[in-house]
Asker: 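What follows is a single structure, and I will ask about it in a moment.
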Amino acid sequence: SPRAFPDFILTSHRGQKFTQENLKDVWNFIFFGFTHCPDICPLTLSTIDQVVNDLTGKNQFVVQTVFISVDPKRDLQKQLRDYVQHFNQDMIGLTGGDQELKNLTQALGVIYTAPLNNEDKNYSIDHSAHVFLVAPNGNLVALFSAPHKSQTIVKDFKILNAYYNTQV
């Protein structure tokens, strides 16, 4: 069942305020992670990029990809910009303060744990690997669990899009 995406205020990799209003009028694939992630994040973002390329080819669908960093201490604007643009020039990287991230992730059931003492800059963050799908009306309509397969996500997206269009 669709549900409203929680209210939030984060900052984009371009330094602009980004809220749930920025999710409207376009389909959104949203993933939470961090730029120093050695495996899950790069694999998932590459898969999402394949999905977006499949869906936007021949102007079939208008889709936006949003990467939300759960590592605000290291993922500053430049780091986040360089990271997301490596995967797709149109991908939006977001970050915020610890409390903003905590509020949003708790509302969505996203789990992540950073070491309490992260003086060493080489720490890792354990995090869930779900991809969220937000419809153009701003409602959360799907959650894709790992392992992510681009063909499966594309197929499921098309089913959800057809259903969404009958409800609007």
Asker: Mind listing the closest non-hydrogen atom pair of Ser128 and Val110 along with its distance?
Answerer: OG-CG1, 3.6 Å
Asker: Heavy atoms only: give me the nearest Leu160-Ala142 pair and the separation to one decimal.
Answerer: CD1-CB, 3.6 Å
Asker: Mind checking whether Cys37 and Thr35 have side chains closer than 4.5 Å, heavy atoms only?
Answerer: no
Asker: I want to check something: taking the side chain as every heavy atom from C-beta on, are Pro136 and Val26 in contact at a cut-off of under 4.5 Å?
Answerer: no
Asker: Any chance you could lay out the side-chain contact (heavy atoms from CB on, under 4.5 Å) test for Gln64 and Asp25, step after step, and finish with the verdict?
Answerer: CA-CA 10 Å; Gln64 178 169 268; Asp25 302 322; over 6 Å; no
Asker: Among Leu23, Ile68, Asn22, which residue satisfies the side-chain contact (heavy atoms from CB on, under 4.5 Å) criterion with Phe8?
Answerer: Leu23
Asker: Roughly how far, to the nearest 0.5 Å, is CG of Leu94 from CD of Glu100?
Answerer: 12.0 Å
Asker: Under 4.5 Å between any side-chain heavy atoms of Phe87 and Phe67, yes or no?
Answerer: no
Asker: Quick check for you: to the nearest 0.5 Å, what is the distance between Leu55 atom CG and Gln60 atom CD?
Answerer: 7.0 Å
Asker: Under the side-chain contact (heavy atoms from CB on, under 4.5 Å) test against His148, which residue among Val51, Ile40, Thr44, Ile48 passes?
Answerer: Thr44
Asker: Charged N to carboxylate O below 4.0 Å: is that the case for Lys102 and Asp98?
Answerer: no
Asker: State plainly whether one hydrophobic cluster holds both Val70 and Leu43, where clusters connect Ile, Leu, Val, Met, Phe, Trp and Tyr through side-chain heavy atoms under 4.5 angstrom apart.
Answerer: no
Asker: What's the separation between atom SG in Cys41 and atom CZ in Phe32, rounded to the nearest 0.5 Å?
Answerer: 11.5 Å
Asker: Can Asp82 and Lys78 be said to form a side-chain contact (heavy atoms from CB on, under 4.5 Å), step by step?
Answerer: CA-CA 6 Å; Asp82 292 347; Lys78 182 185 180 325; 2.7 Å; yes
Asker: Side-chain contact test, heavy atoms from C-beta onward, threshold under 4.5 Å: evaluate it for Leu45 versus Tyr83 and give yes or no.
Answerer: yes
Asker: Say whether Asp54 and Gln50, considering side chains only, have a donor N or O and an acceptor N or O under 3.5 Å apart.
Answerer: no
Asker: Are Val84 and Ile92 packed together at the side-chain level, in the sense that at least one heavy-atom pair is separated by less than 4.5 angstrom?
Answerer: no
Asker: Is any side-chain heavy atom of Tyr163 less than 4.5 Å from a side-chain heavy atom of Val141?
Answerer: no
Asker: Examine Trp27 together with Phe157 and report whether their ring centres are nearer than 6.0 Å.
Answerer: yes
Asker: Does the side chain of His13 come within less than 4.5 Å of Gln79's, by heavy atoms?
Answerer: no
Asker: At their closest point, which heavy atom of Ser69 faces which heavy atom of Leu80, and how far apart are they?
Answerer: CB-CD1, 4.1 Å
Asker: I'd like to know whether Arg74 forms a side-chain contact (heavy atoms from CB on, under 4.5 Å) with His36, so could you lay out the CA-CA distance, the side-chain angles of the two residues, the decisive distance to 0.1 Å, and finally the verdict.
Answerer: CA-CA 8 Å; Arg74 291 185 295 184; His36 291 78; 3.6 Å; yes
Asker: Which atom names give the shortest non-hydrogen contact between Leu104 and Pro6, and what distance separates them?
Answerer: CD1-CG, 4.0 Å
Asker: Quick one: CD1 on Ile30 to NE2 on His130, what's the gap to the nearest 0.5 Å?
Answerer: 14.0 Å
Asker: Can you name the nearest heavy-atom pair linking Gln85 to Gln89, along with the distance?
Answerer: O-NE2, 3.3 Å
Asker: State the OG1-CG distance between Thr166 and Asn161, to the nearest 0.5 angstrom.
Answerer: 10.0 Å
Asker: Mind checking whether Phe144 and Tyr164 sit in one hydrophobic cluster, side chains of I, L, V, M, F, W, Y counted as touching below 4.5 Å?
Answerer: yes
Asker: Dump the intermediate steps for side-chain contact (heavy atoms from CB on, under 4.5 Å) on Lys17 and Thr11, then the final yes or no.
Answerer: CA-CA 5 Å; Lys17 180 174 87 167; Thr11 304; over 6 Å; no
Asker: Would you say that Asn28 contacts Phe132 through its side chain, given a criterion of any heavy-atom pair below 4.5 Å between the two side chains?
Answerer: no
Asker: To the closest 0.5 Å, what do you measure between CD1 (Ile153) and NZ (Lys149)?
Answerer: 10.0 Å
Asker: Answer yes if the ring centres of Tyr112 and Phe34 are under 6.0 angstrom apart, and no otherwise.
Answerer: no
Asker: Using a cut-off of 6.0 Å, state whether more than 12 heavy atoms not belonging to Leu143 lie near its atom CG.
Answerer: yes
Asker: Decide whether Asp75 and Thr95 meet the rule of one side-chain donor and one side-chain acceptor closer than 3.5 Å.
Answerer: no
